[in-house]
Amino acid sequence: MSPWHDNFTPPCPPAPTPSGQGECVINASSPPAVELHGITKRFPGVVANKDIAITVRKGTVHALIGENGAGKSTLMKILYGMQKPDEGTIAVDGEQVTFSSPGDAIARGIGMVHQHFMLADNLTVLENVVLGGEKLYGIGAKARKKIKEISDAYGLGVRPDALVEDLGVADRQRVEILKVLYRGAKILILDEPTAVLVPQEVDALFDNLRELKSEGLTVIFISHKLGEVLKVADDITVIRRGTTVGTADPKTATTKQLAELMVGSELPSPETRESTVTDVPMIQVQGLTLTEAGAAAAAPLTTAAPADPAAAVTVHEEPIAGRRLLDDISLTIHKGEILGIAGVEGNGQTELIEALMGMNSPDAGVISLDGEDISTVSVRKRREGGIGYIPEDRHRHGLLLEAPLWENRILGHVTEAPNSKRGILDPKAARKDTERIVREYDVRTPGIDVTAASLSGGNQQKLIVGREMSHNPKFLIAAHPTRGVDVGAQAQIWDAIRDARRAGLAVLLISADLDELIGLSDTLRVMYRGKLVAEADPATITPEQLGSAMTGAATGQLEGTEQSEDGDAR
Amino acid sequence: MMKIDKDKLIIGAAGPVLALVSSFVLTVLVLLATGLDPIEPIRLMIDNAGYSDVQVLIVNYTGILYLAALGVAIGFRMNLFNIGVEGQYRLAAMVSALVGAAVDLPGPLHILVIVLVAIATGALWAGIAGILKTTRGVSEVVSTIMLNAITTSLVAWLILPKNFGVQPAGSNDLTTGQIPESGWFPGIDMGEGGQIYGFTFVALALGVVYWFVINRTRFGFDLRATGESESAAQASGVDAKKMIITAMLISGGLAGLAGMPILLGESHTYSLAFPVGVGFTAITVALLGRNHPVGILFAALLFAFLEKASSSLDIAGYPKEITQIMQGIIVIAVVVSYELVRRYGTRRQQQKVGEELAAGGAIKTDKEVSA
C-alpha cells in the first residue's frame with residue numbers, strides 16, 4: 001500500500017461484487033470524491049457551462065460524455081483550477097473548495113492528464129516526472145524508487161530511464177498518468193485519453209484504469225466515444241450545450257440511448273451512400289520518397305536562433321541517419337473518389353500532405369494533377385491549378401489569427417478572383433464573397449471585420465472549408481477536417497465534402513477519427529512509418545482491424561469479416 | 001459594426017498615447033533625480049519650436065526620418081528587423097554623391113540618376129543580409145549590424161583624398177566633390193527660415209505609395225501574411241525566400257533614399273558632416289508609428305522636434321542629452337505599451353464577439369433562413 005492514500009477510504013476488496021463492476025459498498029457511506037453544483041461559466045465565443053451538477057463517487061470511473069464543444073473541457077478546467085466558475089460550488093471529499101490555480105487543485109489531490117501531452121521529449125521519464133515536483137522525493141534514487149513503486153502498484157510498466165522521445169503514444173500517456181500520481185493525486189481527470197490511441201492500446205489503458213480504481217482512486221474520464229465509455233465507466237454523466245442533461249447506468253444503457261442524450265436528436269453520420277467514383281484519375285503519385293534531413297539542418301527561414309549549446313549535448317540522436325519519412329508512396333485518386341488514409345499520427349501523413357502541396361521537396365517521385373506533372377511546381381501554382389487545402393493545424397497553416405475574416409478569405413487565393421485583379425486587391429469583392437461564405441457555410445460571427453481568433457474553432461474551420469470550396473478545387477486535401485468541431489459543424493463539413501465529391505472532386509482524407517475515415521472514404525489505405533502498408537474496403541473493415549494495421553501488425557489487403565457491433569456511435 | 005471600428009481607433013491610439021505619457025513622466029522623474037528643474041527644459045524646447053528657422057529644420061529632418069522609417073517599417077511588416085538602415089543610408093548617400101559629382105546630365109535626368117544610384121546602393125547593401133538569411137540562415141539582425149560596422153570603415157576609406165575624397169581648401173572636412181547645379185532638387189523658400197527641401201514632398205508621396213503597396217496589392221498581402229504567420233503564408237503559396245529578399249531590397253532602397261533630401265537640397269556633396277544615427281532613430285520612429293504611414297509621419301515629426309528644438313538647451317545650462325534619454329525611454333515604453341494594448345484588444349474583441357453572438361447578433365446564415 002502506498003503512503004499517499006493512507007488517509008484514504010480503504011480500497012475495495014479484491015473479490016468483485018455481484019454486479020461485476022467492482023463497486024464498493026463502502027463508498028455509499030463516504031462523501032463523494034467530487035461534487036459539482038450549479039456550475040456556470042460564461043466564456044466568450046464558445047459554449048458556456050450552465051448550471052452543471054455532477055456527483056462523482058469515490059473509487060469509480062466516472063465518464064463525462066458530450067459532443068465536441070459541449071463544454072466538457074471547460075468544466076474540467078474549472079475543476080482543475082485553470083478557470084474560475086462564475087457561479088456554483090465545488091466540493092472535494094465533502095468539503096467545499098475554491099481553486100484559483102491548478103496548484104490548489106493538485107494540493108487537494110486532483111490531477112489532470114491533458115489530451116495533448118506535456119512532456120519534454122529530450123528528457124528521460126524520471127526527469128519528466130520530477131520536473132516541477134523536485135521537493136516531493138528529490139531528483140535521485142528516492143524519486144526513482146517512488147516511480148517504480150507507483151508503476152508496479154498500478155501495472156503501468158514505466159521505465160524511469162527511458163527517453164521520452166523513444167516512447168510511443170501509449171507509453172507517453174502512462175508517463176503522464178504516473179506524473180499526476182507521483183504528485184499525490186487521488187482523483188484523476190483524463191481528457192479524451194483514447195483520442196490518440198489505437199483500439200488495442202485503448203484496452204490496455206482501460207486495464208490501467210481498472211487497476212487505479214481497485215486501489216481506491218477516482219477517475220473522471222472525458223470522452224465522446226460511447227462504446228469505450230460503456231466498457232470502462234461505472235457512472236456516466238451526459239453534457240449537452242454546456243449543461244448536464246442526464247446520467248446513465250452503463251450496465252443497462254446502449255450506445256444509441258447515450259448518443260441521443262448527447263446530441264438531443266438523431267445522430268449525423270459520416271456515411272457516404274452511393275458511389276460516385278469514376279475511372280478518370282485526378283491525382284497520381286508515383287514513388288514519392290522523402291528522407292529526413294540531417295540533424296544539422298535547421299529551418300533556415302525562421303529568424304535564426306543560435307543552436308542551443310546545451311541541446312547539442314543532451315539531444316538524443318537518431319542512430320539511423322536519413323530516416324525515410326515517405327517511403328516509395330504511390331497512389332491514385334480518381335474523380336469523385338475519397339481516399340482515406342489511416343495511421344497513427346507522425347507516420348508520414350504530414351509529410352505526404354506537404355509534398356502534395358509543394359511545401360517540401362521530395363527526393364524522388366512524380367506527382368501529377370489531372371494529367372499534368374506538378375512535381376516541381378510552386379505552392380501557389382498548385383493552388384491556382386485546383387488543389388484545395390484544409391490543413392491539419394488551422395492556426396498554423398490555415399488562418400491569420402489577428403487579421404479580419406475577409407482577409408482570411410483572401411489567404412491562399414490572393415491571385416484568384418474575386419480577391420484581386422492584375423496584382424491589385426479587390427477588397428470590396430473579397431468582402432462581399434466573405435459574406436456569402438459566412439451565409440452559406442453557417443459561420444457564426446457578428447461580422448466579417450472581426451479577427452479570426454475571436455471565432456470558435458468550429459466556425460474557423462467552416463470558414464476555411466468555405467474558402468477552399470469557393471475556388472472549385474479539382475483535388476482537396478482534407479486533414480482532420482472535423483477535429484475540434486462541434487457536431488452541427490461536423491455534419492455540414494461532411495456534407496460539403498460529399499457534395500463536392502458528387503461534382504467530381506478527388507479527396508485525400510486524413511483523419512484520426514476512424515469512424516469518419518470508414519464512413520466517408522471510398523478507398524482506405526493505412527500509413528505506417530512513411531509507407532502505405534495496407535489497403536482496405538471501408539464497406540467491410542472494422543475500426544479494430546484498421547487499428548491493428550495502424551500499429552504495423554497487419555499489411556496487405558485487409559479483409560473485413562463482420563461489421564463492428566459496438567463501434568463508436570458518432 | 002461602427003462600434004467595433006470606433007473601438008479599433010481608440011485601441012490604435014491608446015498604444016502611442018500610453019507610451020508617450022509614460023515616457024514623459026519618466027523623463028521628468030529622471031530630471032528631478034538629477035536635481036534639475038523638470039519643466040523648464042521642456043518649456044524652452046517648445047519656445048524654440050516657435051522660431052521659423054527651427055521649424056524649417058524640424059520639417060526637413062522629418063522628411064529624412066520619414067524615408068528611413070518607411071524602410072524599417074516595410075521590414076517590420078513581415079517580421080524582418082533591418083537594423084542596417086543607418087549603414088544603407090550612409091553608403092547610398094556617399095555612392096550617389098560620387099556618381100552625381102562625376103556625371104553631367106541635363107536637369108531632371110541628373111537628379112534621377114542620383115536617386116536611382118542611391119536606391120540601388122541601399123538595396124544591394126541590404127540585399128546582402130537577405131541573401132545570407134535565405135541561403136545560410138543568418139539572422140538579418142546580426143548581419144545588418146555587422147554591415148553597419150563595415151559601412152563605417154568603408155565610407156571612411158572611400159572618402160580619403162587618395163581614393164575619392166576631396167578636401168575643400170581651408171577646411172578639415174572631407175567631401176566627395178560638388179554635384180553640378182543640374183543635380184540640385186529645388187526647395188521651397190521660407191524667407192528668413194531658410195529652405196524646405198523639395199525631396200521632403202517626395203518622401204510624403206512615398207508614404208502614400210507605401211500604404212497602397214502594403215494594403216492594396218497582392219505583394220503587400222503576401223508581405224503582411226508572412227509577417228503575421230510565416231507558416232500560414234507558406235501554406236498559402238508565398239515563396240518565403242523570395243519574399244525575404246524582396247522585402248530586404250525594398251527596405252534598403254528606401255533607406256538609401258533617406259540621404260537624398262540633404263544631398264539634393266543643401267549639401268550637394270557627401271561629407272563627414274552628414275547626420276549620423278538617422279537609421280537608428282528611424283527604428284524608434286517606425287515602432288512608435290506602428291508601421292503605418294500616417295503614424296510614422298507623426299512619430300518622425302516628434303523625433304525631429306526633439307532633435308532640433310533641443311540644440312539650444314546647452315546654452316541655457318541644461319544637458320541636451322535629456323532628449324536622448326527621452327528617446328530611449330520612448331523605445332521601451334512603446335514596446336511594453338503596444339503589447340499591453342494588443343492583448344487587451346484581442347481579449348476585448350473575443351468578449352464582444354461572444355456577447356454579440358449570445359445576443360443573436362450573428363449574420364443571418366442560410367441554415368437559419370431555411371430553418
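So that the names make sense, note that chain A is the first sequence line, chain B the second, and so on, each numbered from 1.
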Check each atom of [X] against the heavy atoms of chain B and say whether the ones under 4.5 Å are side chain, backbone, both or neither.
X        : value
A:Arg396 : both
A:Ser420 : both
A:Glu354 : neither
A:Ile410 : both

Can you measure from OG (A:Ser454) to CZ (B:Arg347) and round to the nearest 0.5 angstrom?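 Nearest 0.5 Å value for the OG-CZ distance: 14.0 Å.
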Calculate, to the nearest 0.5 Å, the distance between atoms CG and CZ belonging to A:Asp426 and B:Arg216 respectively.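 Rounded to the nearest 0.5 Å, the CG-CZ separation comes out at 9.0 Å.
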Quick one: of B:Ser231, B:Ala233, B:Ser229, B:Ala225, who has the most non-hydrogen atom pairs under 4.5 Å with chain A?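 With the most close heavy-atom pairs to chain A, the winner is B:Ser231.
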Quick one: what part of [X] sits under 4.5 Å from any heavy atom of chain A, side chain, backbone, both or neither?
X        : result
B:Phe212 : side chain
B:Asp239 : neither
B:Val213 : neither

Among [options], who wins on heavy-atom pairs under 4.5 Å with chain B?
options                                : result
A:Met357, A:Glu407, A:Arg394, A:Arg422 : A:Glu407
A:His395, A:His413, A:Arg383, A:Met359 : A:Arg383
A:Gly412, A:Gly423, A:Pro427           : A:Gly423
A:Thr451, A:Thr415, A:Leu399           : A:Thr415

How far apart are the closest heavy atoms of B:Thr217 and A:Ile424, and which atoms are they?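 Nearest heavy atoms, B:Thr217 then A:Ile424: CG2-CD1, 4.0 Å.
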How far apart are the closest heavy atoms of B:Arg218 and A:Lys421, and which atoms are they?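 The answer is NH2-C, 4.1 Å.
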Please assess A:Val379 against B:Gln234 for the test side-chain contact (heavy atoms from CB on, under 4.5 Å), listing each intermediate value before the final yes or no. CA-CA 8 Å; A:Val379 180; B:Gln234 258 176 304; over 6 Å; no
Side chain to side chain, A:Asn419 and B:Phe221, heavy atoms closer than 4.5 Å: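 No; the side chains remain at least 4.5 Å from each other.
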Between B:Asp222 and A:Arg380, does at least one N-O distance fall below 4.0 Å, as a salt bridge requires?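 Yes, this pair counts.
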Are there more than 12 heavy atoms of other residues, nucleotides or ligands under 6.0 Å from atom CZ of B:Phe298?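 Count not over threshold, so no.
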